[in-house]
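Read the structure below first, then the notes.
Every number for a ligand or one of its atoms is a count from 1 in the order of the listing. Index from 1, following the sequence. Any value given below was found using the heavy atoms of this structure, including those in side chains, with hydrogens, waters and symmetry copies removed. Keep in mind that what you see is a predicted model, and the values were worked out from it rather than measured.
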Amino acid sequence: MTLWIGTSWKMTKTLAEARAWAEGLREHLAGGAPAGVQPFVIPSFTATTTVREILGEDSPVLLGVQNAHWEDAGAWTGEVSVPQAKDAGAQLVEIGHSERREHFGESVETTRWKVAAALRHGLTPLLCIGESLEVKDAGGSAEFILEQAAGALDGLDADELSRVVIAYEPIWAIGEKGRPATVRELIEPFAALGEAYGGKVTGLLYGGSVNLDNAADLLGIEHVTGLFVGRTAWELEGYLELLRIAEAHAAV
Ligand code: PGA
C-alpha cells in the first residue's frame with residue numbers, strides 16, 4: 001500500500017514563496033520519494049508551471065491544480081480547463097473541495113463532470129467529500145459522504161474508478177475554524193468508504209486539521225491510505241515531517 005501525502009496551498013504563496021518551497025522539496029527528495037509514500041503538491045494556478053519546472057519532469061512528486069472546468073475549451077471567462085492544466089504540467093485535479101462547494105457553486109453534478117474531464121485527459125481526479133457539523137450531529141455523516149461520492153463517480157467503469165483518489169474532509173475539521181477530528185469520529189465514515197471503495201480506487205485520504213501530533217494516528221485508521229493537508233504543510237518543514245511520519249508508518 002502506498003500512502004499519499006499531499007498539500008493544497010489554497011490561495012496562498014507568491015511565486016518567490018512557491019519557488020523556495022519547491023526547491024527545498026526537490027533538494028530533500030533528490031534521492032527519490034520516501035519508501036511507500038506518494039508525495040503530491042497542489043499550488044495556485046499561477047505557480048503551476050514554476051513548480052513543475054523546479055521539480056522537473058521526472059519528479060516523484062505529483063503536481064496538481066485546485067480546480068478545473070469540465071469543458072476542454074470555450075467561452076468560460078475566468079476558468080481553466082483540464083487540457084490547459086495538463087499543458088502547464090499538472091497530473092492531478094482537485095475536485096469538489098468544500099470551500100468550492102460553499103463559495104463557488106460546486107455541486108454534485110459539476111463534480112461528476114469534472115471527474116469525467118480529468119479521466120478523459122489522463123489526469124488523476126482527487127475528489128473531496130465531507131459533511132457539515134449539522135449533518136454529523138444528526139448522525140448522517142456516512143450516508144452523506146457516500147451520496148456525494150456516488151454522485152460524482154456515477155457511471156465510471158472499474159478501470160476509471162481505479163484511477164480516482166478520494167479525500168474525506170469533514171467541513172467541521174477544516175481550516176482555522178475547524179477542530180481536529182478524533183480517531184474515534186473517523187472510524188465509521190472510513191468504514192463506510194472502505195466498504196464502498198476500498199481496493200477499487202487509488203486511495204482514500206483524510207484531510208482537515210492534520211498536524212504533526214495527529215498524523216500518525218490518522219494514518220492508523222483502517223482504510224486510510226494517505227493525508228491531504230493544508231496549513232501544516234505550507235511551511236516546507238511541516239510537509240517534510242509529514243513525509244517522515246508516513247515513511248515510518250509505511251515501514252511497519
Ligand atoms: P487544513 O486544510 O489542513 O488547513 O485544515 C485542509 C483542507 O482544506 O484540505
### Message
Before you tell me yes or no, could you show the steps for E237 and R244 under salt bridge (charged side-chain N to carboxylate O under 4.0 Å, His left out), namely the whole-Å CA-CA distance, both residues' side-chain angles and the distance that decides it to 0.1 Å?
### Response
CA-CA 11 Å; E237 202 34 61; R244 284 183 207 111; 3.4 Å; yes
N or O pair under 3.5 Å between [X] and ligand 1:
{"X": "H97", "result": "yes"}
{"X": "G208", "result": "no"}
{"X": "F228", "result": "no"}

Any donor-acceptor pair under 3.5 Å linking the side-chain atoms of [Y] with those of [X]?
{"X": "H121", "Y": "D72", "result": "yes"}
{"X": "S209", "Y": "R231", "result": "yes"}
{"X": "E102", "Y": "S98", "result": "no"}
{"X": "E131", "Y": "W172", "result": "yes"}

### Task
Could you check whether the rings of W9 and W21 sit parallel, tilted or perpendicular, using 30° and 60° as the cut-offs?
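Rings of W9 and W21: perpendicular, over 60°.
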Can you tell me if [X] has a non-hydrogen atom under 4.0 Å from ligand 1?
{"X": "G175", "value": "yes"}
{"X": "S209", "value": "yes"}
{"X": "T232", "value": "no"}
{"X": "K10", "value": "yes"}

### Message
Which residue and atom name correspond to the protein heavy atom nearest atom 9 (O) of ligand 1, and how close is it?
### Response
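Looking at atom 9 (O) of ligand 1, the protein heavy atom closest to it is E169 OE2, 2.7 Å.
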### Query
For atom 6 (C) of ligand 1, which protein heavy atom lies nearest, and how many Å away is it?
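The protein heavy atom lying closest is G230 N, 3.8 Å.
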### Query
For ligand 1, which atoms have a heavy atom of R231 less than 4.0 angstrom away?
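In order of numbering, the contacting atoms are 1 (P), 3 (O), 4 (O), 5 (O).
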### Query
Atoms of ligand 1 less than 4.0 Å from I174 heavy atoms?
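Those atoms are 5 (O), 8 (O).
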### Task
Applying side-chain hydrogen bond (donor to acceptor under 3.5 Å, both in side chains) between K114 and each of E109, E94, E106, report the one that passes.
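Between K114 and the candidates, side-chain hydrogen bond (donor to acceptor under 3.5 Å, both in side chains) is satisfied uniquely by E106.
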### Message
Ring centroids only, cut at 6.0 angstrom: are Y206 and F228 within range, meaning strictly under it?
### Response
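Ring centres of F228 and Y206 not closer than 6.0 Å.
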